[in-house]
Asks: 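Right, I'll just put the structure down here and ask away after.
Atoms within a ligand are numbered from 1 in the order they appear, just like the ligands themselves. In this text, all values refer to a predicted model and were calculated from it rather than measured experimentally.
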Amino acid sequence: MTSEVMIGIETHVQLNTKSKMFCSDPSDQKDAEPNSNTCPICLGMPGSKPKVNKVAVKYGVLVGLALNCSINKRVFFSRKAYFYPDLSKNFQITQYEVPIAVNGKVQLGTNTIRIRRVHIEEDPAKLIYSGGDITNSKGVLIDYNRAGVPLAEIVTEPDFKSPKEVRSFLERLSSILEYLGVYDSTREMSLRVDANISINGGERVEVKNITGFENVEKALSYEIVRQNGLARMNVSVQRETRHFDAEMRTTKSLRKKEYEDDYGYIFDPDLPMVNLGEDYVLNIKSSMPELPEQMARRFEAEYNINEYYAGVIVYAGKDMAKFFEDTVKLHNNPQIVANWLINYVLKSLNWRSERISNSKIRPDSFAEFLDMIKNGEITERYAKELIKKYVDTGESPKSLISGGAKKVDKSELIKIVASIIDSNSEAVAQFRSGRLEALQFLIGQVLNKTQKQADPKEIKEIIESSLK
Ligand SMILES: [Zn+2]
């Protein structure tokens, strides 16, 4: 049975500003003791006054522009009222009536994903469910460090036709955000997804707070199976909010879904109207960094590499793209650089889930490696063996191959062999009487003399022909 699937998603992205959305507490909570980065503003104490973080507003505009949205020139903040322990004020400051950006689009293959809106808001506190998850734990701990961290919420229209498509979109989106420099993918829970899914025009079900692209795909795939199962039993799907259990790979009902209007949004009287003038937006537009799609096209044109290579390098991350360009400056053959990066280096890194910027290899040593292949100092076959060790250690390839198959100057080697034969008459006599250990000993002497820079096979041949 084929079913018509409609999926729309809301993505919450933590913006990597220095301070929180409405106060001056740091927004990065790495290594911070729970509840240590808080103040009367983000705890919502009586009498405290929030102030708008201008960098967060600018980031919101950047995200909107990068997703081809129009920017609203006058925006304001509203209070979304609800009672829950993750909000000490009993409301979240967000944008509802007039978001910072609207009506964008992202092209995903042949499918256009429309972006309904992008707005900025504050993150609620983090709830830690002790001894279980939201559906079965006996208690909950609250860490208000996260309360007030700026978020961009990106809402799409229900344009996705499959869970796989959602995953590709999220990979694309996180890449765009990274290139914009507004998001740090290494922060815990820095990108969270709520997905709405309906099948064959039925009620839509929301799966909330999924982290990890793979989990989003799994959660949605599970929902399709579950909703199709209900349809087969003639049970209609209920409009509700569900939670994804990553371990069990199932979704569980949390509550019947409320409607947005139920929240009773009101204009926040503590915060001013924000005017984003024409010049302000144009300025941001003109200083926008190169985005992955543009960069991939530039790589194809400038370096004459194919679309696939350009895409893999660019979407592997900004650091990988920079590594590629830096290496090409030193080893001027982009196709070779791309080939070795994609087929060997990237595979090694992916295997260890490591990014190139955190690895030990550098463009200069990588270029040295490629130079050595080009100059015939090492064979391509040997280089393929060596590259894993190089990525592991980051050591200069020249020092890595000592004792290996490096080609050294042959006339030099003949001289060294001759001097070793002269000064080891006993071993030479033993070799002549047929003792193979003597040959090994002589090879070892030559190797030592060359600081293990010569090929043992070549040494053996020279010794044998010298002692014929
Ligand atoms: Zn604060």
Side-chain angles (χ1 to χ4, degrees), residues 10-63 75-100 118-130 139-154 177 180-192 194 209 211 263-276:
E10 296 168 15
T11 309
H12 293 90
V13 179
Q14 279 189 0
L15 299 174
N16 61 356
T17 53
K18 285 205 178 64
S19 56
K20 290 187 182 179
M21 187 68 227
F22 300 110
C23 67
S24 52
D25 285 321
S27 73
D28 186 1
Q29 306 305 332
K30 227 175 269 162
D31 308 323
E33 282 284 311
N35 297 306
S36 59
N37 288 338
T38 57
C39 74
I41 296 172
C42 55
L43 291 177
M45 304 269 191
S48 61
K49 286 269 190 213
K51 267 200 185 114
V52 177
N53 181 335
K54 286 184 184 148
V55 179
V57 172
K58 183 186 166 194
Y59 284 4
V61 173
L62 270 173
V63 173
V75 297
F76 58 91
F77 291 92
S78 292
R79 296 175 172 185
K80 177 181 184 175
Y82 67 89
F83 175 76
Y84 207 62
D86 63 2
L87 274 180
S88 54
K89 306 196 278 281
N90 287 346
F91 60 82
Q92 178 191 26
I93 308 179
T94 178
Q95 295 183 311
Y96 180 58
E97 298 86 345
V98 185
I100 202 157
V118 177
H119 68 252
I120 48 178
E121 63 185 21
E122 57 176 347
D123 209 351
K126 186 163 129 192
L127 299 181
I128 300 143
Y129 298 94
S130 48
V140 62
L141 300 168
I142 310 174
D143 181 2
Y144 282 101
N145 280 353
R146 207 181 71 184
V149 168
L151 295 177
E153 181 174 331
I154 298 148
L177 296 167
L180 286 175
V182 303
Y183 152 76
D184 177 1
S185 60
T186 63
R187 275 194 200 173
E188 189 197 1
M189 308 271 286
S190 54
L191 195 150
R192 312 191 291 272
D194 299 342
N209 243 330
T211 51
Y263 283 104
Y265 287 88
I266 53 160
F267 173 76
D268 193 315
D270 282 341
L271 289 161
M273 184 78 86
V274 181
N275 287 307
L276 308 172

Asks: Could you point out which residue of R187, M21, K18, R146 forms a side chain to side chain contact (heavy atoms under 4.5 Å, CB included) with S27?
Replies: R187

Asks: Are F91 and Y82 close enough that their ring centers fall under 6.0 Å?
Replies: no

Asks: Count up the protein N, O or S atoms sitting under 2.8 Å from the Zn ion (ligand 1), would you?
Replies: 4

Asks: For T94 and E121, which I'm curious about, is there any donor-acceptor pair between the side chains at under 3.5 Å?
Replies: yes

Asks: Pick one: which of V61, T11, L62, V63 meets side chain to side chain contact (heavy atoms under 4.5 Å, CB included) with V118?
Replies: V63

Asks: Taking D123 as the fixed residue, which of V149, D86, L15 is the one that meets the side chain to side chain contact (heavy atoms under 4.5 Å, CB included) rule?
Replies: V149

Asks: Please lay out, stage by stage, how F77 and F22 fare under the test ring pair (Phe, Tyr, Trp, His ring centres under 6.0 Å).
Replies: CA-CA 11 Å; F77 291 92; F22 300 110; 5.4 Å; yes

